[in-house]
Protein chains: 2
Amino acid sequence: MPDGPTITTIAEHAGVSIASVSRVLNGLPTRPETERKVMRAADELGYVRNAVARSLKSRRTHQIAFAMADIGNPVYLAMVRQIQPVLKTAGYRLVLHSTDAVVADEIDVLRSLGERYVDGLIMSPIRVTDDHLKMIENARAPVVIIGLVPDGTAVDNVRADSREGVRLAVGHLHERGRRRIGFLNGPLDTVPGAARDAAFREALEECGLPYDPALVEVGDFYREAGAQAARRLLERDGDVDALMCANDLIALGALDVLRQYGKRVPQDVAVVGMDDTDLAAASWPTLTSVSLGSAERGRAAAQLLLARLEDGGRAPTVVTVPPRLIVRESTLETS
Amino acid sequence: MPDGPTITTIAEHAGVSIASVSRVLNGLPTRPETERKVMRAADELGYVRNAVARSLKSRRTHQIAFAMADIGNPVYLAMVRQIQPVLKTAGYRLVLHSTDAVVADEIDVLRSLGERYVDGLIMSPIRVTDDHLKMIENARAPVVIIGLVPDGTAVDNVRADSREGVRLAVGHLHERGRRRIGFLNGPLDTVPGAARDAAFREALEECGLPYDPALVEVGDFYREAGAQAARRLLERDGDVDALMCANDLIALGALDVLRQYGKRVPQDVAVVGMDDTDLAAASWPTLTSVSLGSAERGRAAAQLLLARLEDGGRAPTVVTVPPRLIVRESTLETS
């Protein structure tokens with residue numbers, strides 16, 4: 001039995017009906033003014049909504065988790081900036097996990113859905129293991145995956161089209177007269193790394209250019225790794241006239257190194273990034289980048305999750321966001 | 001009564017003792033190999049640790065929240081990179097909130113501690129209202145504040161010394177012969193904005209320089225706001241020979257604008273940022289910046305929270321991390 005305030009005393013204190021207090025405390029839609037009155041009265045009276053007791057009844061926490069692979073990569077910030085307002089409007093608070101792409105940590109987050117501290121999860125893994133797929137398909141709460149999962153996986157899924165994105169970028173460089181196009185990629189055992197590697201080979205072929213392994217470096221999706229990869233490539237081959245980079249962080253690392261080597265961008269070497277993050281527009285020179293629609297993907301993921309929470313019986317949906325090439329200074333001048 | 005797997009069936013399946021299963025499922029220290037066996041067996045048998053039932057008993061969620069003011073500011077990333085491993089080693093998972101410095105959202109996070117979805121909270125507010133202080137002192141779980149709270153507030157608190165930091169920066173610019181030092185600040189109704197404003201005036205006085213309101217611009221702590229502030233200042237006063245910026249994002253915006261105005265950095269205008277984020281070392285030219293010890297502050301906050309979880313009766317502790325000036329290209333050449 002409660003010996004503190006009850007919904008009756010809160011209703012009296014707030015000057016609203018008992019039904020309104022009940023609606024607010026159960027997280028149901030209420031007029032903002034009513035909600036404010038109730039919450040203020042509840043605070044003043046020292047009322048604590050007990051999540052444990054409440055969860056037993058409603059099984060809703062009004063929280064959604066987003067598990068990002070790398071909190072330092074602004075592509076995820078662009079997603080958060082879309083996911084958060086969509087969820088907030090629907091009455092959900094967003095909690096974030098940064099997994100550093102560690103598979104065990106991602107599995108742990110998926111497992112923790114059984115603990116019901118959130119009502120659903122959006123996850124953006126860069127490696128998708130069998131363990132992921134098993135946990136995703138048997139998850140104890142709705143899950144939306146941003147990224148490529150095998151066709152037929154029973155999960156709501158938002159995809160980019162990085163293959164078409166790489167084609168746009170390589171085609172653009174070829175049109176601008178570049179013939180010795182280098183490629184700085186992330187690990188090939190990641191979904192984006194593998195997809196971009198295959199796409200780069202295809203795109204060269206479409207342009208009638210040969211694939212030269214001496215122009216390809218595999219590193220990681222971080223700025224410093226991009227710098228190291230660019231340095232290795234330039235030490236081996238001084239004649240590269242363009243660099244296709246598997247994300248913007250790699251491209252920024254490459255710009256740093258090109259500056260150290262006295263190479264002018266784009267006159268000597270044109271550079272293209274991927275993800276079109278805030279950093280691309282803010283770099284010097286500004287960076288041509290393939291937008292993979294991170295904002296749209298974030299928004300779509302939030303909307304799919306809300307739809308799933310409304311109707312658990314919907315068929316799994318796949319949304320693919322098309323890429324766009326955003327041309328800036330790093331490829332604009334002709335050589 | 002459970003009709004699914006029990007700790008007995010899990011113990012049989014995993015080939016370990018019932019006591020070991022109990023320890024693992026209750027989150028007590030166990031040998032990693034045993035934990036792996038138990039978790040694998042639990043997964044294979046479809047056992048779900050029910051957080052609701054478990055919380056009723058142990059009242060531990062093994063999660064800690066960190067509420068950041070701006071997920072796009074790398075100063076918080078530097079903190080996350082320290083907080084996460086410290087907590088992980090102690091068996092806690094980190095969940096993040098991005099509040100965009102919206103007071104109502106911060107109050108909501110503090111209130112939600114009553115719902116026990118985390119065992120504790122680290123918060124870094126940039127405005128500290130009376131509502132914050134009331135919620136902090138009456139919080140339903142341990143709280144650590146990164147940032148300045150009024151002396152005597154009953155909370156564990158990690159502080160920077162931005163006053164000394166501004167003094168170091170202005171002194172450095174003065175030593176390098178700069179006499180018309182501009183100041184690009186964030187909002188004066190924020191704790192860091194107000195502290196840095198007072199510190200800038202004091203620092204000028206120490207150097208024997210007059211305070212000239214025409215050289216001061218107040219904007220916000222974002223890159224684009226920094227660019228706008230720099231533009232306003234340069235339009236009004238073409239003779240400024242140094243810019244002290246209240247954080248690195250403001251400084252990066254200023255670098256963009258100086259480049260547009262054809263001003264050389266540091267020959268024409270020297271620039272200093274604050275927070276010494278990853279972006280300072282990666283900008284062009286590299287940015288002299290005042291380190292306010294974000295990594296140390298993150299680590300200290302995590303350690304204070306763990307100590308508080310061990311011993312709720314400890315006296316509130318204040319840790320102040322001293323600043324350091326990191327000199328880079330943006331102030332290095334003499335004019």
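Numbered from 1 within each chain, the chains take letters A, B, ... in sequence-line order.
Scanning residues 256-265 of chain A against chain B with a 4.5 Å non-hydrogen threshold yields Asp256(A), Arg259(A), sorted by number.
By the side-chain contact (heavy atoms from CB on, under 4.5 Å) test, Asp105(B) is found to be paired with Lys88(A), Thr99(B), Val102(B), residues two or more places apart in sequence or in another chain being considered. Every residue meeting the side-chain contact (heavy atoms from CB on, under 4.5 Å) condition with Ala139(A), not counting sequence neighbours, appears here in chain and number order: Leu113(A), Val143(A).
Interface remark: Ala65(B) contributes no atoms to any contact with chain A (heavy atom separation under 4.5 Å). With a 4.5 angstrom heavy-atom cutoff, Asp100(B) touches chain A only via side-chain atoms. Interface remark: Ala67(A) contributes no atoms to any contact with chain B (heavy atom separation under 4.5 Å). For Gln84(B), the part sitting under 4.5 Å from any heavy atom of chain A is the side chain, from C-beta outward, and nothing else. For Val80(A), the part sitting under 4.5 Å from any heavy atom of chain B is the side chain, from C-beta outward, and nothing else. In this structure, chain B has a heavy atom under 4.5 Å from the side chain of Leu77(A), while its backbone stays farther away. With a 4.5 angstrom heavy-atom cutoff, Glu224(A) does not touch chain B via any of its atoms.
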Checking His97(B) against Arg93(A) for the side chain to side chain contact (heavy atoms under 4.5 Å, CB included) test, could you report, in this order, the C-alpha distance in whole Å, the side-chain angles of both residues, the deciding distance, and whether it holds?
CA-CA 9 Å; His97(B) 291 286; Arg93(A) 183 169 47 205; 3.8 Å; yes
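Atoms OH and OH, from Tyr117(A) and Tyr117(B) in turn, are 10.5 Å apart once rounded to the nearest 0.5 Å. To the nearest 0.5 Å, atom CZ of residue Arg81(B) and atom CD1 of residue Ile71(A) are 8.0 Å apart. If you take CG on Leu94(B) and OG on Ser98(A), they are separated by 8.5 Å, rounding to the nearest 0.5 Å. With rounding to the nearest 0.5 angstrom, the CD atom of Glu115(B) is 8.5 Å from the NE2 atom of His62(A).
Residue pairs meeting the side chain to side chain donor-acceptor pair (under 3.5 Å) criterion with at least one partner in residues 69-78 of chain A, sequence neighbours excluded, do not occur; the list is empty.
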